[in-house]
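Here is the structure we will look at.
Note that ligands are numbered from 1 as they come in the structure, with each ligand's atoms numbered from 1 the same way. FYI, side chains are in, hydrogens and waters are out, and symmetry mates aren't considered; it's all heavy atoms of this structure.
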Amino acid sequence: MTKQIQAIRGMNDILPDQTGRWQQLEQVIRDLVANYGYSEIRMPVVEQTELFKRSIGEVTDIVEKEMYTFADRNGDSLTLRPEGTASCVRAGNEHGLLYNQTRRLWYMGPMFRHERPQKGRYRQFHQVGVEAFGLDGPDIDAEMILMTARLWKTLGLLPYLTLELNSLASNAARADYREALTAYLRAHQEQLDEDSVRRLDSNPLRILDSKNPAMAEVLAKAPKLSEYWDSESRTHFEQLCAYLDNAGVRYVHNERLVRGLDYYNRTVFEWVTDSLGAQGTVCAGGRYDGLVEQLGGKATPAVGFAMGLERLVLMLEHADNQQLPRSVDVYIVAAGAEAELPAMTVAEQVRDALPSLRVMLHCGGGKFAKQLKKADQSGAEVALIIGANEVAENKVTVKFLRRDAEQTTVHMNDVSTVLSTLV
Ligand code: ATP
Ligand code: MG
């Protein structure tokens, strides 16, 4: 036998029994972002490698070891996008969407990172990203967080999620803090793991993010970022908290929340859960006031977040509180060769009259009992049965498969009226 070709590790097929949940989630998100006045933007999945190096940062995990980078045929270095913000800003600059105006954008699509695949962590995964440009106040930060909170409520996930909040303050304040933190950690270097020692020079703030229990104590006693906040950033943070308090959105101030990408300043936040094991962050974001300029645009404040759809789907499966829509409402059984042509006519009539119904026509013939079994397995609410008798009298038998109701036979022209109760 010929050897089968398999999918690439960490790049998943989403199979038909899962796509219903995905579509439902995507629709809820589409409605949500529209509800807040955001417009969709679609960017290519491949960009110049330089874009991610310059935005995400050379010494981040993503750029150092997670990118799918390859040489194009002419030698250009290209990369499959590991996230969307950099592309969104690139596109915004390129098409003049950000200059001297406010702009609220969102996108959805696959991202690629070469990580060790495990539950909730894949090499191709999907994010929804939401970005707002041209606004520097805490009101937009707050509104974005309210939008995410509303999403969790709609999905029934709010009880499983905690909002963690921090401020990375200004670049100058962060530089001062970085110095103090590095000095402290150097003085306790023997308590750091290898990875953290390596980061002492390159990215010391990321050490705060370490989950290594052996380092818990040394990190707990480290200097705190909030002690170095500049006064504008402190006010921004306090106002953001006031907005959240006013809206009844609960949060915890996590002094060690720093995020893994270099472009953030001031507000950073994550929604985390303990229901997904180690992959606990489902949504993360913050302010990146310097990025537009860093990528060649005019200085433009910006804030945004991204959420991982695979992790949300896993949570929805856990919570199991979501009634998935039926994939088939009506299954049409054509018993006998003479029924096949009228069955197709009936199917099309029902689709004309009730376009929101999902109508599956039995194709390929076969015994009546077998067809009825297929109808049942399809999950349909109703089977429309067309056999020799029905054809002779221009009628259709309506059989409710999920409820206790008498089977009825109606005239072909009345089928849609009977089915309209399903809509
Ligand atoms: P983590 O700490 O879990 O590695 P991250 O900080 O690298 O996450 P971001 O770059 O902030 O993640 O991406 C935003 C969201 O995208 C994450 O919160 C998560 O839900 C999702 N995500 C990131 N990487 C992956 C991945 N490899 N597989 C599935 N989802 C992912
Ligand atoms: Mg990561």
Side-chain angles (χ1 to χ4, degrees), residues 7-12 14 18 22 25-26 29 45 51-52 55-57 59-68 79-89 106-131 144-145 148 151-152 155 157 160-166 168 195 199 203 205-212 254 256-264 267-288 291 303-318:
I8 293 165
R9 199 163 108 85
M11 302 204 178
N12 301 319
I14 301 174
Q18 300 169 295
W22 278 80
L25 174 61
E26 288 161 3
I29 293 171
V45 294
L51 174 66
F52 302 115
S55 54
I56 299 168
V59 291
T60 56
D61 280 354
I62 295 179
V63 172
E64 270 186 341
K65 50 189 188 201
E66 295 175 359
M67 294 208 304
Y68 279 92
T79 293
L80 299 186
R81 64 179 185 194
E83 58 109 50
T85 303
S87 302
C88 185
V89 171
W106 75 279
Y107 48 83
M108 165 153 62
M111 307 292 161
F112 303 85
R113 297 184 195 177
H114 196 275
E115 305 199 64
R116 196 168 66 77
Q118 51 198 293
K119 184 180 161 199
R121 190 176 295 286
Y122 312 102
R123 290 179 173 175
Q124 174 173 330
F125 61 99
H126 298 78
Q127 279 185 346
V128 166
V130 178
E131 323 278 0
M144 271 201 174
I145 293 175
T148 55
L151 177 62
W152 315 140
L155 296 172
L157 296 179
Y160 310 100
L161 288 163
T162 306
L163 174 62
E164 298 196 348
L165 203 59
N166 197 14
L168 298 181
D195 225 25
R199 283 188 166 136
N203 200 350
L205 264 64
R206 272 298 265 177
I207 300 175
L208 295 175
D209 208 25
S210 167
K211 309 271 179 322
N212 184 349
N254 176 359
R256 280 165 54 183
L257 180 65
V258 291
R259 309 282 302 114
L261 301 84
D262 274 0
Y263 49 62
Y264 288 109
T267 308
V268 286
F269 68 92
E270 290 192 357
W271 283 97
V272 297
T273 179
D274 47 22
S275 71
L276 292 178
Q279 277 55 253
T281 306
V282 298
C283 172
R287 217 161 238 294
Y288 50 95
L291 184 60
V303 55
F305 66 85
M307 51 198 167
L309 295 186
E310 280 77 2
R311 292 184 193 177
L312 287 176
V313 167
L314 282 169
M315 282 192 79
L316 289 170
E317 279 167 4
H318 264 280

Notebook entry, point to check: Under 4.0 Å from any heavy atom of T281, which atoms of ligand 1 are there?
Noted result: 17 (C), 18 (O), 19 (C), 20 (O)
Check: Yes or no on side chain to side chain contact (heavy atoms under 4.5 Å, CB included) for Y263 and V89, after CA distance, side-chain angles and deciding distance?
Finding: CA-CA 12 Å; Y263 49 62; V89 171; over 6 Å; no
Check: Could you go step by step and tell me if L165 and I145 meet the side chain to side chain contact (heavy atoms under 4.5 Å, CB included) rule?
Finding: CA-CA 10 Å; L165 203 59; I145 293 175; 3.9 Å; yes
Checklist line | For atom 27 (N) of ligand 1, closest protein heavy-atom neighbour | finding: E115 OE2, 2.6 Å
Checklist line | Winner among K211, R113, R116 once heavy atoms are compared against atom 5 (P) of ligand 1 | finding: R113
Checklist line | Heavy-atom nearest neighbour in the protein, as seen from atom 22 (N) of ligand 1, with distance rounded to 0.1 Å | finding: F125 CE1, 3.5 Å
Checklist line | Y107 (side chain) donor-acceptor with Q127 (main chain) under 3.5 angstrom | finding: no
Note to self: For the 3.5 Å polar cut-off, considering only N or O atoms, please tell me whether M307 and ligand 1 meet it.
What the structure shows: no
Check: Nearest protein heavy atom to atom 8 (O) of ligand 1, by residue and atom, and its distance?
Finding: R311 NH1, 4.4 Å
Next item on the list: Considering heavy atoms of the protein only, find what lies nearest to atom 28 (N) of ligand 1 and give residue, atom and distance to 0.1 Å.
Entry: Y122 N, 3.0 Å
Note to self: Does only the side chain of Q127 get under 4.0 Å from ligand 1, or the backbone, or both, or neither? Count heavy atoms.
What the structure shows: side chain
Notebook entry, point to check: From L157 CG over to W271 CH2, what is the distance, rounded to the nearest 0.5 angstrom?
Noted result: 11.0 Å
Next item on the list: Just need the protein heavy atom nearest to atom 21 (C) of ligand 1, so name the residue and atom and give the distance.
Entry: G308 CA, 3.7 Å
Margin query: Can you confirm whether N203 sits close enough to D61 that some side-chain heavy atom of one is under 4.5 Å from a side-chain heavy atom of the other?
Written below: no
Margin query: I'd like to know if Q279 contacts ligand 1, where contact means a heavy-atom distance under 4.0 Å to any ligand atom.
Written below: no
Checklist line | Atoms in ligand 1 flagged as close to A284, the criterion being non-hydrogen separation under 4.0 Å | finding: 11 (O)
Check: Does V282 approach ligand 1 within less than 4.0 angstrom via side chain, backbone, both or neither, non-hydrogen atoms only?
Finding: backbone
Notebook entry, point to check: Is there a side-chain contact between I29 and L25 (heavy atoms, below 4.5 Å)?
Noted result: yes
Item checked: Test of proximity, E310 against ligand 1: N or O pairs below 3.5 Å -> no
Next item on the list: Take R259 and E270 through the salt bridge (charged side-chain N to carboxylate O under 4.0 Å, His left out) test and state the conclusion after the steps.
Entry: CA-CA 9 Å; R259 309 282 302 114; E270 290 192 357; 3.0 Å; yes
Next item on the list: State, to 0.1 Å, how close Q118 and Y122 come at their nearest heavy-atom pair, and which atoms those are.
Entry: O-CE2, 3.5 Å
Check: Is it the side chain, the backbone, both or neither of R259 that has a heavy atom closer than 4.0 Å to ligand 1?
Finding: side chain
Notebook entry, point to check: Taking Q279 as the fixed residue, which of E310, R311, R121 is the one that meets the side chain to side chain donor-acceptor pair (under 3.5 Å) rule?
Noted result: R121
Margin query: Applying the side-chain contact (heavy atoms from CB on, under 4.5 Å) criterion to R113, which one of R123, E83, M67 satisfies it?
Written below: E83
Check: Between R121 and ligand 1, does any nitrogen or oxygen pair lie at a separation below 3.5 Å?
Finding: yes
